[in-house]
Amino acid sequence: MADGDVGGGRSAGAGFEGSLVDRFVLAGSAAGISDRSLAEDRSVLLAFAEVVGCRLWAVQAADVDRYLVDLRERGCARSTVYDRANTVSRFYAFLLERYQQEVYVRTGCVVVQPVDEFNRPRHGYDHTVRIPPAAAEVAALFDAWRRALPAERKYLPAARNYMAASLWRRVGLRRPRRPRVLRRCWAER
């Protein structure tokens with residue numbers, strides 16, 4: 001292990017910190033995230049490292065608090081603050097999942113997830129409250145759908161769709177929100 005791997009300046013662009021950021025970006029590339037999004041993620045993480053002023057593996061919740069306050073004081077939009085907090089959170093989830101042991105062996109620090117429920121910004125895009133429909137409304141929807149099935153021009157696909165939706169309703173499955181990665185992919189089309 002070279003001295004530059006752990007000690008030295010605070011820049012995350014070189015040494016072990018830079019390597020961790022680059023591994024995060026490489027994993028995103030393998031997952032099919034666009035180069036533009038990966039460059040943005042890398043830029044956010046390097047700026048984050050500069051603001052917190054400590055090694056990435058030593059970051060705590062108070063450091064993230066300071067970073068998010070700094071973003072707000074600079075006049076960043078709610079969506080920007082949300083996206084940057086999400087990037088930092090994904091980075092630490094990545095470190096915890098893949099490199100926690102290596103970080104501990106090389107630095108003696110235990111990596112924690114510094115973006116927690118208390119400092120995680122609320123979603124920056126959706127400000128509406130979603131109220132689920134009443135049980136009677138859902139039942140009326142499925143009753144009308146079932147009665148309309150025999151008249152469908154393409155009966156088999158319509159019946160399949162009805163059965164799948166009916167199963168989801170009865171079992172309690174809900175459509176998950178698209179992860180941030182998919183939102184980016186759709187936005188770039």
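In this structure, F16 and W57 have tilted ring planes: the angle between them lies in the 30° to 60° band.
At least one side-chain heavy atom of N161 sits less than 4.5 Å from a side-chain heavy atom of W145. Under the 4.5 Å side-chain criterion, counting only non-hydrogen atoms from C-beta, R42 is in contact with D22. Inter-residue side-chain proximity for V59 and V88 is flagged as unmet; no heavy-atom pair is nearer than 4.5 Å.
The two atoms that bring V81 and C76 nearest to each other are CG2-CB, 4.0 Å, heavy atoms only. The nearest pair of heavy atoms linking P133 to V138 is CG-CG2, 3.7 Å. Listed here is the closest heavy atom pair of A27 and R98: CB-NH1, 3.7 Å. Between A158 and E152, the shortest heavy-atom contact is CB-CG, 3.7 Å. Nearest heavy-atom pair across V64 and P114 is CG2-CB, 3.5 Å. Nearest heavy-atom pair, D116 versus A61, reported as atom, atom and distance to 0.1 Å: OD2-CB, 3.8 Å.
A distance-only check finds a donor-acceptor pair linking the side chain of Y92 to the backbone of L56 [under 3.5 Å]. Side chain of Q100 to backbone of V110: no donor-acceptor contact under 3.5 angstrom is found. T87 contributes a side-chain N or O that, together with a main-chain N or O of D83, makes up a donor-acceptor pair within less than 3.5 Å.
Classification of R74 and D70 as a salt-bridged pair holds, one side-chain N sitting under 4.0 Å from a carboxylate O.
By the rule that hydrophobic residues join a cluster once side-chain heavy atoms approach within less than 4.5 Å of another member, F142 and L167 end up as members of separate clusters. A continuous path of Ile, Leu, Val, Met, Phe, Trp and Tyr side chains, each step under 4.5 Å between heavy atoms, connects V51 with L71, placing both in one hydrophobic cluster. Cluster annotation: V52 and F94 are assigned to the same hydrophobic cluster (Ile/Leu/Val/Met/Phe/Trp/Tyr, side-chain heavy-atom contacts under 4.5 Å, transitive). Y99 and L96 fall within the same hydrophobic cluster, where Ile, Leu, Val, Met, Phe, Trp and Tyr residues are linked whenever their side-chain heavy atoms come under 4.5 Å apart, directly or through other members. In the hydrophobic cluster analysis, where Ile, Leu, Val, Met, Phe, Trp and Tyr join through side-chain heavy atoms closer than 4.5 angstrom, W168 is grouped apart from Y162.
To the nearest 0.5 Å, the span separating OG on S29 from CG on D35 amounts to 6.0 Å. Here E102 contributes atom CD and L95 contributes atom CG; the two are 10.0 Å apart, rounded to the nearest 0.5 Å. Put simply, CZ on R106 and CG on L20 are 8.0 Å apart, with the number rounded to the nearest 0.5 Å. Here F91 contributes atom CZ and R23 contributes atom CZ; the two are 10.0 Å apart, rounded to the nearest 0.5 Å. Here the CD1-CD distance, from I33 to E40, works out to 12.5 Å after rounding to the nearest 0.5 Å. Taken to the nearest 0.5 Å, the CG atom of D63 stands 13.5 Å off from the CZ atom of R55.
Within a 6.0 Å radius of CZ in R66, more than 12 heavy atoms belonging to other residues, nucleotides or ligands are found.
Using modelled atom types and a 3.5 Å distance limit, the side chains of T80 and R84 yield no donor-acceptor pair.
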